[in-house]
Amino acid sequence: MQIKFRNYTNIAGITEDYFKVRAFLVKLGYSEYTYARWDWMATHGWLDKSSIGKIGIWENNNEIVGLATFDCHMGETFCLTLPEFTDLKKEIVEYSKNKLSYNCNFGVIIPDTDVLFQDIASKSGLIATDRKENDAVFYLEKTSTEYKLPEGFYVTSMKDTFDLYQYRRVLWKGFNHELNGEGEFTFSSEAEEEAKQEMIRPNVDLNLKVAVAAPDGNFVSYCGMWYDPKAGYAVIEPVATDPDYRKMGLGKAAVLEGISRVGKLGAKLAVVGSSQQFYYSIGLRPYTTATVWKMK
């Protein structure tokens with residue numbers, strides 16, 4: 001076999017390389033960097049578009065078998081291979097150190113169960129830090145997705161109520177931008193175009209973009225769900241609730257409704273990149289941990 005290295009295209013958005021990387025991540029199955037994380041990044045407004053051409057790709061017979069990527073911004077890297085190509089990880093780590101650092105800062109996210117990868121990182125001059133990435137999981141065959149909504153509140157989706165203003169509004173409020181002093185929500189034509197790119201693209205099922213609406217029609221909680229049957233699991237991302245409507249069970253309703261919908265499509269697992277008590281309280285369980293390794 002002859003492994004060939006190349007860089008990802010320097011063109012952002014939905015490209016042939018986008019599809020090739022996604023197919024690799026789906027084939028890989030569950031990992032510390034999911035197919036949904038790639039989908040989320042590819043059209044996200046926060047993506048450092050000037051750096052995507054530095055993403056590294058290793059191919060065998062024109063099929064991706066190894067990947068070095070970041071998540072929106074360089075500085076911390078995910079080094080991934082198909083199981084039969086783990087011997088590439090040393091090369092992938094060295095490439096990442098040289099090409100994917102940012103302002104002399106560099107880190108690699110390594111699953112805590114991957115001793116082989118830890119050995120490679122250690123020999124490359126990296127050490128574990130106290131920074132963790134945590135995933136929690138919902139087992140659909142073990143846990144109920146039942147929920148109750150307060151009177152007048154109702155569930156909708158971006159398929160039923162395609163409203164980019166409401167989508168961006170609930171995320172802005174739900175991620176505490178106003179509480180943190182970043183100003184009230186505004187919706188420019190530029191913001192609308194960014195939201196459209198996030199929402200209208202391949203591999204998005206608008207019926208899985210679930211919102212809870214208040215009696216006045218405003219979205220007050222939101223849960224984005226991702227599901228690809230070839231990957232074998234669903235992903236929960238993002239989840240947000242307007243601060244004025246918290247402690248009412250609305251976030252729980254949005255998430256459990258989303259999980260119920262992917263369950264009807266065949267999902268047995270739904271994963272979220274979080275260890276927040278909120279998720280444990282609605283039925284998710286601790287699943288995996290990964291550690292950020294940095295240069296000594």
Side-chain angles (χ1 to χ4, degrees), residues 5-28 30-59 64-82 85-86 88-112 114 117-118 120-121 124-135 194 197-198 201 203 224 226 231 235 237-238 271-274 288-295:
F5 168 82
R6 68 176 178 88
N7 286 107
Y8 189 81
T9 178
N10 58 12
I11 301 172
I14 305 303
T15 63
E16 182 180 352
D17 271 357
Y18 156 78
F19 286 107
K20 292 192 73 171
V21 170
R22 190 181 192 278
F24 162 77
L25 294 169
V26 168
K27 184 175 182 179
L28 184 59
Y30 173 77
S31 71
E32 64 272 24
Y33 188 87
T34 67
Y35 68 91
R37 200 164 183 171
W38 175 253
D39 280 347
W40 179 247
M41 181 182 96
T43 57
H44 201 286
W46 291 347
L47 173 63
D48 178 4
K49 297 178 181 179
S50 67
S51 297
I52 62 167
K54 295 181 179 180
I55 292 172
I57 290 173
W58 285 258
E59 292 181 318
I64 298 177
V65 297
L67 178 72
T69 188
F70 51 86
D71 187 7
C72 285
H73 295 276
M74 294 200 306
E76 292 184 356
T77 307
F78 296 85
C79 301
L80 307 166
T81 69
L82 295 180
F85 293 92
T86 54
L88 286 174
K89 284 196 174 178
K90 180 179 179 181
E91 180 181 340
I92 295 175
V93 168
E94 289 302 315
Y95 171 83
S96 300
K97 284 167 58 179
N98 293 326
K99 300 297 184 180
L100 297 179
S101 64
Y102 180 73
N103 287 343
C104 298
N105 292 319
F106 172 71
V108 178
I109 292 84
I110 302 177
D112 291 344
D114 194 338
F117 195 2
Q118 292 176 345
I120 292 170
S124 297
L126 298 166
I127 60 171
T129 71
D130 60 358
R131 289 192 51 230
K132 295 281 187 180
E133 290 210 353
N134 301 273
D135 281 355
E194 286 184 358
Q197 290 180 15
E198 291 175 9
R201 55 176 181 73
N203 301 310
W226 312 76
V235 177
E237 174 69 30
V271 176
V272 66
S274 178
T288 61
T289 60
T291 296
V292 179
W293 289 58
K294 294 205 168 188
M295 296 300 295

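Atoms considered below: every heavy atom in the structure, side chains included; atoms not considered: hydrogens, waters and symmetry mates.
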**Student:** Verify, without hydrogens or angle tests, whether His73 (side chain) and Ser51 (backbone) share a donor-acceptor contact under 3.5 angstrom.
**Tutor:**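 No, the answer is negative, given that no donor and acceptor are paired below the 3.5 Å cut-off.
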**Student:** What pair of heavy atoms forms the shortest contact from Ala68 to Ile55, and how long is it?
**Tutor:**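 Ala68 and Ile55 have their closest heavy atoms at O-CG2, 3.2 Å.
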**Student:** If the threshold is 4.0 Å, N to carboxylate O, is there a salt bridge linking Arg37 and Glu237?
**Tutor:**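 Glu237 and Arg37: not salt-bridged.
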**Student:** I'd like to check the side chain to side chain contact (heavy atoms under 4.5 Å, CB included) partners of Asn7; sequence neighbours left out, ordered by chain and number.
**Tutor:**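 Per chain and number, Asn7 pairs via side chain to side chain contact (heavy atoms under 4.5 Å, CB included) with Phe5, Tyr95.
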**Student:** Out of curiosity, Gln118 CD to Trp293 CH2, how far, rounded to the nearest 0.5 Å?
**Tutor:**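 Between Gln118 CD and Trp293 CH2, I get 4.5 Å after rounding to 0.5 Å.
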**Student:** By the definition side chain to side chain donor-acceptor pair (under 3.5 Å), identify the one residue from Lys132, Arg131, Glu32 that meets it with Thr291.
**Tutor:**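 It is Lys132, the one option of Lys132, Arg131, Glu32 that forms the side chain to side chain donor-acceptor pair (under 3.5 Å) with Thr291.
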**Student:** Taking C-beta and beyond as the side chain, do Tyr35 and Val21 meet within less than 4.5 Å on heavy atoms?
**Tutor:**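 Sidechains of Val21 and Tyr35: no contact.
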**Student:** With Leu25, which of Thr34, Thr69, Leu80 fulfils side chain to side chain contact (heavy atoms under 4.5 Å, CB included)?
**Tutor:**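 Among Thr34, Thr69, Leu80, the one that satisfies the side chain to side chain contact (heavy atoms under 4.5 Å, CB included) with Leu25 is Leu80.
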**Student:** What are the two closest non-hydrogen atoms of Gly107 and Val292, and how far apart are they?
**Tutor:**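 Nearest pair, atom of Gly107 first, then Val292: CA-CG1, 4.5 Å.
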**Student:** Return the minimal non-hydrogen interatomic distance between Lys90 and Ile120, and the atom names on each side.
**Tutor:**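 So the minimum-distance heavy-atom pair works out to CA-CG2, 3.6 Å.
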**Student:** Apply ring pair (Phe, Tyr, Trp, His ring centres under 6.0 Å) to Tyr30 and list each qualifying residue two or more places apart in sequence or on a separate chain.
**Tutor:**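 Partners of Tyr30 under the ring pair (Phe, Tyr, Trp, His ring centres under 6.0 Å) test: Tyr233, Tyr287.
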**Student:** Under 6.0 Å from the ring centre and within 45 degrees of the ring axis: does the NZ or CZ of Lys97 meet both conditions for the six-membered ring of Phe106?
**Tutor:**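 Checked: cation-pi criterion not met.
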**Student:** To the nearest 0.5 Å, how far apart are CG in Leu47 and CD in Gln197?
**Tutor:**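 Going from the CG atom of Leu47 to the CD atom of Gln197 covers 10.5 Å.
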**Student:** Going by heavy atoms in the side chains, are Tyr8 and Tyr18 under 4.5 Å from each other?
**Tutor:**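 Contact flag for Tyr8/Tyr18 side chains = yes.
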**Student:** About how many Å separate CD of Glu76 and OG of Ser101, when rounded to the nearest 0.5 Å?
**Tutor:**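 One gets 12.0 Å once the value is rounded to the nearest 0.5 Å.
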**Student:** What closest approach, in Å, do Gly273 and Asp135 show between heavy atoms, and which atom pair accounts for it?
**Tutor:**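 Looks like CA-OD1, 3.1 Å.
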**Student:** Rounded to the nearest 0.5 Å, what separation is found between the CD atom of Glu59 and the CG atom of Leu67?
**Tutor:**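 Here the interatomic distance stands at 10.5 Å.
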**Student:** Does the side chain of Lys89 reach to within under 4.5 Å of the side chain of Ile110, using non-hydrogen atoms?
**Tutor:**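 No; the side chains remain at least 4.5 Å from each other.
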**Student:** Between Ile109 and Thr77, is any pair of side-chain heavy atoms under 4.5 Å apart?
**Tutor:**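 Heavy-atom side-chain distance check fails, nothing below 4.5 Å.
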**Student:** From Glu94 CD over to Glu91 CD, what is the distance, rounded to the nearest 0.5 angstrom?
**Tutor:**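 So the CD of Glu94 and the CD of Glu91 are separated by 9.5 Å.
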**Student:** Is the shortest side-chain heavy-atom distance between Phe24 and Leu82 below 4.5 Å?
**Tutor:**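 Heavy-atom side-chain distance check passes, below 4.5 Å.
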**Student:** If you compare all heavy atoms of Asp39 against all heavy atoms of Trp226, which two are closest, and at what distance to 0.1 Å?
**Tutor:**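 Minimum heavy-atom contact is CB-CZ3, 3.5 Å.
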**Student:** Measure the acute angle between the ring planes of His44 and Trp46, then classify it against the limits of 30° and 60° as parallel, tilted or perpendicular.
**Tutor:**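 The rings of His44 and Trp46 sit tilted, inter-plane angle from 30° to 60°.
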**Student:** Please examine the side chains of Phe78 and Ser31, heavy atoms only from C-beta on, and report whether any two atoms are closer than 4.5 Å.
**Tutor:**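 No; the side chains remain at least 4.5 Å from each other.
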**Student:** Any side-chain to backbone donor/acceptor pair from Thr289 onto Asp112? Under 3.5 Å, distance only.
**Tutor:**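 Judged by distance alone, no pair lies under 3.5 Å.
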**Student:** Please report the shortest heavy-atom distance between Val26 and Ala231, naming the atom on each side.
**Tutor:**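 Looking at all heavy atoms of both residues, the closest pair is CG1-N, 3.6 Å.
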**Student:** Just wondering, do Asp48 and Tyr102 contact through their side chains at under 4.5 Å, heavy atoms?
**Tutor:**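 The answer is no; the side chains never approach within 4.5 Å.
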**Student:** Indicate yes or no: at least one non-hydrogen side-chain atom of Lys99 is less than 4.5 angstrom from one of Met74.
**Tutor:**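 No. Closest side-chain heavy atoms not under 4.5 Å.
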**Student:** In Å, rounded to the nearest 0.5 Å, how long is the span from SG of Cys72 to NZ of Lys49?
**Tutor:**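 Spacing of SG (Cys72) from NZ (Lys49) equals 11.0 Å.
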**Student:** Is it the case that the side chain of Ser124 and the backbone of Leu126 share a donor-acceptor pair, with hydrogens and angles ignored and the cut-off at 3.5 Å?
**Tutor:**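 Looks like no, no N/O pair under 3.5 Å.
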